[in-house]
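Some notes on the structure that comes next.
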Amino acid sequence: QVQLVEAGGGLVQTGGSLRLSCAASGRTISTYVMGWFRQVPGKEREFVSVINWSGGSTDYADSVKGRFTISRDNAKNTVYLQMNSLKPEGTAVYYCAARRSSVMVTTPKHYDYWGQGTQVTVSS
């Protein structure tokens with residue numbers, strides 16, 4: 001089994017930046033598709049970004065394109081989400097997830113492992 005632990009959330013002003021990390025343990029994630037999702041109370045979990053095993057292919061939700069960057073360091077068994085130009089609409093709990101597959105998908109139900117989440121609050 002794999003455990004995922006997110007870190008890097010916090011309170012930031014509109015226009016600011018945060019870098020989230022997701023550290024995996026238990027087994028290597030070097031062959032896994034990795035994703036970031038976010039959730040606001042009362043709403044369904046929302047896709048943010050996904051990255052393939054090598055880091056050579058990425059995808060983003062339209063709402064974050066041009067502002068967020070997903071990356072991974074397989075040697076460190078860690079995935080990152082660089083968030084720039086943050087907006088109040090970005091306030092949510094951010095989760096990382098792992099999928100035991102080479103197929104990149106955007107729906108939460110197709111991911112096998114989840115972290116506990118990290119709170120991001122963007123104030124104006």
Side-chain angles (χ1 to χ4, degrees):
Q1 299 294 311
V2 61
Q3 295 81 46
L4 305 174
V5 179
E6 302 96 334
L11 176 64
V12 65
Q13 297 289 317
T14 297
S17 298
L18 286 173
R19 190 193 193 204
L20 306 182
S21 63
C22 175
S25 62
R27 63 180 66 180
T28 180
I29 60 167
S30 61
T31 63
Y32 290 6
V33 167
M34 300 295 295
W36 285 96
F37 297 80
R38 64 188 181 187
Q39 189 167 26
V40 175
K43 297 184 67 177
E44 293 187 349
R45 196 161 296 186
E46 176 189 35
F47 167 74
V48 176
S49 187
V50 63
I51 189 168
N52 78 332
W53 69 272
S54 69
S57 183
T58 60
D59 198 11
Y60 300 89
D62 289 342
S63 59
V64 306
K65 284 181 179 177
R67 300 186 297 113
F68 289 13
T69 303
I70 189 171
S71 62
R72 67 193 299 163
D73 186 340
N74 286 335
K76 296 181 178 179
N77 223 27
T78 301
V79 181
Y80 305 94
L81 184 68
Q82 178 67 46
M83 305 186 296
N84 297 328
S85 301
L86 281 162
K87 304 174 181 179
E89 304 95 280
T91 295
V93 176
Y94 284 71
Y95 298 89
C96 67
R99 173 172 161 81
R100 299 191 307 268
S101 174
S102 62
V103 179
M104 298 170 64
V105 297
T106 61
T107 54
K109 68 178 181 179
H110 291 117
Y111 284 76
D112 301 295
Y113 305 103
W114 292 86
Q116 84 289 346
T118 185
Q119 176 71 46
V120 172
T121 302
V122 185
S123 66
S124 59

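Below, each value reflects all heavy atoms present in this structure, side chains not excepted, and no hydrogens, waters or symmetry copies.
- Between Glu6 and Leu20, the closest side-chain pair of non-hydrogen atoms is not below 4.5 Å.
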For side chain to side chain contact (heavy atoms under 4.5 Å, CB included), just list the numbers for Gln39 and Tyr95, CA-CA rounded to whole Å, side-chain angles, deciding distance to a tenth of an Å, and then say yes or no.
-> CA-CA 8 Å; Gln39 189 167 26; Tyr95 298 89; 4.0 Å; yes

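- The salt bridge (Lys or Arg N to Asp or Glu O under 4.0 Å) pairs that include a residue from residues 11-38 are Arg38-Glu46, where partners are two or more places apart or lie in different chains.
- One finds the OG1 atom of Thr78 at 10.0 Å from the CG atom of Leu4 (value rounded to the nearest 0.5 Å).
- Without hydrogens or angle criteria, Tyr111 side chain to Val105 main chain gives a donor-acceptor distance under 3.5 Å.
- Residues in residues 69-84 take part in no salt bridge (Lys or Arg N to Asp or Glu O under 4.0 Å) pair, two or more places apart or across chains.
- Applying the side chain to side chain donor-acceptor pair (under 3.5 Å) test to Ser71 and every residue at least two apart in sequence or in another chain returns nothing.
- Of all heavy-atom pairs spanning Ala98 and Met34, the tightest one is CB-SD, 3.4 Å.
- Note on residues 54-88: no pairs pass disulfide (SG to SG under 2.5 Å), not counting sequence neighbours.
- Proximity of a side-chain donor or acceptor of Thr58 to a complementary backbone N or O of Ile51 within less than 3.5 Å is not detected.
- Between Thr14 and Pro88 the shortest side-chain heavy-atom distance falls below 4.5 Å.
- For residues 88-101, every residue pair satisfying the salt bridge (Lys or Arg N to Asp or Glu O under 4.0 Å) rule, not counting sequence neighbours, is listed here: Arg100-Asp112.
- Scanning for side chain to side chain donor-acceptor pair (under 3.5 Å) contacts around Ser17 gives Asn84, with sequence neighbours left out.
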Side chain to side chain contact (heavy atoms under 4.5 Å, CB included) between Val79 and Trp36, intermediate numbers included | CA-CA 9 Å; Val79 181; Trp36 285 96; 3.6 Å; yes

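- The ring pair (Phe, Tyr, Trp, His ring centres under 6.0 Å) search around Trp114 returns Phe37, not counting sequence neighbours.
- Clustering of Ile, Leu, Val, Met, Phe, Trp and Tyr side chains at separations under 4.5 Å leaves Trp53 isolated, with no partner residue.
- Pairing each heavy atom of Ala92 with each of Val40, the nearest pair is CB-CG2, 3.9 Å.
- Every side chain to side chain donor-acceptor pair (under 3.5 Å) that Thr121 has, sequence neighbours left out, goes to Gln119.
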Apply side chain to side chain contact (heavy atoms under 4.5 Å, CB included) to Val33 and Val50, showing your working.
-> CA-CA 7 Å; Val33 167; Val50 63; 3.4 Å; yes

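- For Thr106, the side chain to side chain contact (heavy atoms under 4.5 Å, CB included) test picks out Phe47, with sequence neighbours left out.
- Taking both residues in full, the closest heavy atoms of Tyr60 and Ile70 are given as OH-N, 2.9 Å, listed atom of the first, atom of the second, then distance.
- Cluster membership for Tyr80 and Val64, using ILVMFWY side-chain heavy atoms within less than 4.5 angstrom, is not shared.
- Linking Ile, Leu, Val, Met, Phe, Trp and Tyr residues whenever their side-chain heavy atoms come within less than 4.5 Å leaves Met104 and Leu81 in two separate clusters.
- One distance of note links OG1 of Thr69 with CE of Met83; it measures 11.0 Å at 0.5 Å rounding.
- A donor-acceptor contact shorter than 3.5 Å is absent between the side chain of Asn74 and the backbone of Asn77.
- Sequence neighbours left out, not one pair with a member in residues 32-73 passes disulfide (SG to SG under 2.5 Å).
- Between the Thr107 side chain and the Lys109 main chain, no donor and acceptor come within less than 3.5 Å of each other.
- To the nearest 0.5 Å, the span separating OG on Ser63 from CZ on Phe68 amounts to 7.5 Å.
- A pairwise comparison of heavy atoms in Val120 and Gly9 identifies CG2-CA, 4.1 Å as the closest pair.
- Sorted by first and then second residue, the pairs that involve residues 56-70 and meet salt bridge (Lys or Arg N to Asp or Glu O under 4.0 Å), not counting sequence neighbours, are Asp62-Lys65.
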